[in-house]
Number of protein chains: 2
Amino acid sequence: MGTKGSANRQRIVQAADRLFYSRGYNQTSFSDISDETGIPRGNFYYYFKTKDDILDAVVASRLTFFKQVLDDCNCQSDDPKTRLKIFIATPLGQEEQVIKYGCPIGTLGSELVKDQDHLIAKEKLTVVFDLIKSWMVEQFMRISSADKAADYAMDLLAKMQGFTIIASVYKDVNYLHRATQSAQDWIDQLAVN
Amino acid sequence: MGTKGSANRQRIVQAADRLFYSRGYNQTSFSDISDETGIPRGNFYYYFKTKDDILDAVVASRLTFFKQVLDDCNCQSDDPKTRLKIFIATPLGQEEQVIKYGCPIGTLGSELVKDQDHLIAKEKLTVVFDLIKSWMVEQFMRISSADKAADYAMDLLAKMQGFTIIASVYKDVNYLHRATQSAQDWIDQLAVN
DNA sequence: GTCTATACCTTGATAGAC
DNA sequence: GTCTATCAAGGTATAGAC
């Protein structure tokens, strides 16, 4: 195993992932990551050239996380509607965190759109969105017509971003549950054609 | 007119408002505001005790902005459906900015949920959301039943947050237009009862 | 590979002259 | 009221010993 997979490097990425989520990228310092890993600040530069590189690694890590989530959805059912409803319920599995810090990719997106730099991270982040969107399109394609599937997928993506941000701003768990149910009902109600 | 309404104070708030929107609160420094206003850094503390106080003033400013927007909607039509559709189209009026920086209250909310401090600003920000939500409820009450009106309002609030964030992450103006139209269609299609 | 020490800059905030 | 000078703290990043 090369440098890229070293244990220390992994620990840095994992700690940064948590901190970027709970505090935001800009508000997370090397000292914060150092405190949580026990690895001294100066040592980071052996594994990463810049803070930006850590961000890139974190976004890559979130990509693999969502790949895993979608794989799990695929494994749990063959029915596209059931799969979509399982995915819609994903935020409920992280309920406490979602209320506190919002969506891990949505809030990072909000942060990065306001920044001139981080071009690679921004591109990688849209890859995460595209991954989810493509998977949704696949499912919707088996429910409705091909041209509607793309729109449905964007709608669902936006719907989930929407209720996540509202739930986190209002700190309203009940709303998170109601909105999840509502989105699932929307899936159920879709006509098969 | 007292200190609160002084010309310099207003210029600081206006510049901060723009910068907090385009760069984010945490990424905006006193130097940035100083550069845009021409007012020296050290002078800010005559008008505001802390950076947090500037944030409070900015959020208050956005509150009055949205009050104005809603008043305009009320003036343009008496029909609740028409009013809602006008409001839904608001982001299109700031199309370029929305694509670049997202929603002025949504992205600020995303930033502030990750912060322990800024308690007053966070409260004031939910007041902005509540203002919009209450207005929506009023309109929906004239369309459907009272118990459904509250849910519809939350749905619409989430819907708009959702398509705004997706449009800004993807930098997709066409999607912003399609999603706006879709939300307006949803209003039209609502049964009156 | 690991760690310490530190350079250099920018931050929010203060003190005090005018 | 306005401005300059400056503070202490914290930021990213680097140099170099071990």
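We name chains A, B, ... by the order of the sequence lines, and we start the count at 1 in each one.
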To the nearest Å, give me how far apart [atom1] ([X]) and [atom2] ([N]) are.
X	N	atom1	atom2	result
A:F30	D:dT12	CZ	P	5 Å
A:D35	D:dG11	CG	P	10 Å
B:Y25	C:dT11	OH	P	13 Å
B:Y46	C:dA15	OH	C1'	17 Å
B:N43	D:dG1	CG	C1'	8 Å
B:L19	C:dT11	CG	P	12 Å
A:F44	D:dT14	CZ	C1'	15 Å
A:N8	C:dT2	CG	C1'	9 Å

Check the phosphate of [N] against [X], side-chain N and O only, distance under 4.0 Å to OP1 or OP2. Yes or no?
X	N	answer
A:S31	D:dG11	yes
A:S29	D:dG10	no
B:Y45	C:dT14	no

Legend entry - Test of ring centre spacing under 6.0 Å for B:W135 and B:F140: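 No, they do not, as the ring centres are separated by 6.0 Å or more.
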Legend entry - Pairing residues for A:V13 by the side chain to side chain contact (heavy atoms under 4.5 Å, CB included) criterion, not counting sequence neighbours: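 Only A:F48, A:A57, A:V58, A:S61 meet the side chain to side chain contact (heavy atoms under 4.5 Å, CB included) criterion with A:V13.
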Legend entry - Set of side chain to side chain contact (heavy atoms under 4.5 Å, CB included) partners for B:D56, sequence neighbours left out: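 Expected list: B:D52, B:D53, B:I120, B:A121, B:K124.
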Legend entry - Cation-pi, B:F163 ring and A:K159 (6.0 angstrom, 45 degrees):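 No - A:K159 does not lie over the ring of B:F163 by the 6.0 Å and 45° rule.
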Legend entry - Six-ring centre of B:Y25, A:K114 cation under 6.0 angstrom, axis tolerance 45°: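 Judged by the rule, A:K114 and B:Y25 form no cation-pi pair.
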Inset, instruction - Under the salt bridge (charged side-chain N to carboxylate O under 4.0 Å, His left out) rule, what do A:D115 and B:R23 come out as? Steps first, then yes or no, please. - result: CA-CA 6 Å; A:D115 225 309; B:R23 302 189 179 190; over 6 Å; no
Legend entry - A:P40 side-chain proximity, nearest of C:dA13, C:dT4, D:dT2: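 Comparing C:dA13, C:dT4, D:dT2 against the side chain of A:P40, the answer is C:dT4.
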Legend entry - A:K49 atom NZ, over 12 foreign heavy atoms within 6.0 Å: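 Counting other residues, nucleotides and ligands, NZ of A:K49 stays at 12 neighbours or fewer.
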Inset, instruction - Could you check which residues of residues 48-56 of chain A get a heavy atom under 4.0 Å from DNA chain D? Sort them by number, please. - result: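 Hits under 4.0 Å, by residue number: A:T50, A:K51.
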Inset, instruction - Remember a base hit wins even if backbone is also touched, and classify B:T28 as base, sugar-phosphate or nothing at under 4.0 Å, heavy atoms. - result: sugar-phosphate
